[in-house]
Amino acid sequence: MNQQLAGFAPTPVTARMENHGKTMLKVAMAAGQDLYARTGSMVAYEGFIQYEPNPPAARQIASQWITGEGAPVMKCSGDGLLYLADYGADVVVINLNNDSISVNGTNLLAFDAHLTWGVEKVKGLAKFAGQGLWNVVVQGTGWVAITSRGTPIVVDCGRGEDETYVDPDALVAWSPNLKVKGKRSFKAGSLIGRGSGEAYQMAFSGQGIVVVQPSEDSTDRLRIRN
């Protein structure tokens, strides 16, 4: 039986964060290298790892994108291997090098605790979305893991002068330096998104990337805030 399951065994550690298959994240934990992870995402661990739900350092920041449920992140510390997943979603690992990324809160799986992060209002959309839309911006040098409902496409917005239009329900992440604006269309409802009638898209322009998932999961897309 061991031989039959050998192909699923853990592989040697080569990086702080890496994939184990498409839908699981493996994190090499060590003393002094704490991690923030989505609450409830731990599926297994080896070694000695402690968890702190709703940590004070994250409570105030995280409360901006949830409503009275407590912070959706937990602080992980210790020494060993930590495995994280999110209901079978694909996991994408990003190594930031003095860079930043804006991520939909529901797609943020884990990130190094030393990175700077916060919830920011998406500029250029208030007149289309009423009070505006919010996203989580992570910046610095370190590791970030995001999820996608299926294999995502990464669109390079700097290849031409044309804008890139994305259904907000399929949006995962983007480069914060991109210009963003909203667009409404009554005729595009059957082309973009699953809704009928008025369609709403986000237009991106400039130098950077946009990550789009092949799923229009609207359970908690860029929430409209008061």
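Only a predicted model underlies this, so the values are computations on that prediction, with no experimental measurement involved. Here, residue 1 is the first one in the sequence, and each next residue gets the next number.
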Atom pair CG (L35) and CD1 (I49), whose distance is rounded to the nearest 0.5 Å | 9.0 Å
After noting the C-alpha distance and the side-chain angles of D34 and S77, does the key distance pass the side chain to side chain contact (heavy atoms under 4.5 Å, CB included) rule?
-> CA-CA 5 Å; D34 295 345; S77 58; 3.1 Å; yes
Here the ring pair (Phe, Tyr, Trp, His ring centres under 6.0 Å) pairs for residues 19-38, sequence neighbours left out, are Y36-F111, Y36-W117
Apply side-chain contact (heavy atoms from CB on, under 4.5 Å) to M42 and list each qualifying residue two or more places apart in sequence or on a separate chain.
-> Y45, Y51, M74, L82, L84
Counting distance only, does the side-chain N/O of N107 pair as donor-acceptor with the main-chain N or O of I146 below 3.5 Å?
-> no
Taking atom CD1 of I209 and atom CG of N177, what is their separation to the nearest 0.5 Å?
-> 10.0 Å
For G142 and H114, which heavy atoms make the closest approach, and how far apart are they?
-> CA-NE2, 4.1 Å
Exercise: identify the closest heavy-atom pair between G208 and L178 = N-CD2, 3.6 Å
Of all the heavy-atom pairs spanning P152 and S148, show the shortest one and how long it is.
-> CB-OG, 3.5 Å
Sorted by chain and residue number, the side chain to side chain donor-acceptor pair (under 3.5 Å) partners of K22 (sequence neighbours excluded) come out as T151
Please answer: with hydrophobic residues joined when any side-chain heavy atoms are less than 4.5 Å apart, are L108 and M24 in the same cluster?
-> no
Could you pull out all residues at least two apart from S102 that satisfy side chain to side chain donor-acceptor pair (under 3.5 Å)?
-> N135
Given the options T147, V172, D90, D167, Q213 meets side chain to side chain contact (heavy atoms under 4.5 Å, CB included) only with V172
Going from CG on D156 to OG on S175, what distance comes out if it is rounded to the nearest 0.5 angstrom?
-> 8.5 Å
side-chain contact (heavy atoms from CB on, under 4.5 Å) partners of N19, counting only residues at least two apart | V91, V93
Partner of V166 under side chain to side chain contact (heavy atoms under 4.5 Å, CB included), picked from V155, V180, V210, V211, is V210
How many angstroms lie between CG in D86 and OG1 in T106, if you round to the nearest 0.5 Å?
-> 8.5 Å
Under the side-chain contact (heavy atoms from CB on, under 4.5 Å) rule, collect the residues that match up with L81, sequence neighbours excluded.
-> V13, K26, A28, E46, Y83
Sort and list the pairs that fulfil salt bridge (Lys or Arg N to Asp or Glu O under 4.0 Å) and have at least one residue in residues 92-109, not counting sequence neighbours.
-> none
Between D79 (side chain) and G47 (backbone), is there a donor-acceptor pair under 3.5 Å?
-> no
Does the R16 side chain pair with the main chain of D112, one donor and one acceptor, at a distance under 3.5 Å?
-> no
Identify, with sequence neighbours excluded, every residue that meets side chain to side chain donor-acceptor pair (under 3.5 Å) alongside E18.
-> T14
Keeping the roles fixed (side chain from R38, backbone from G105), state whether a donor-acceptor pair exists under 3.5 Å.
-> yes
By side-chain contact (heavy atoms from CB on, under 4.5 Å), which residues pair with T141, not counting sequence neighbours?
-> N97, N98
With side chains defined as the heavy atoms from C-beta onward, is the minimum distance between Q201 and L171 less than 4.5 Å?
-> no
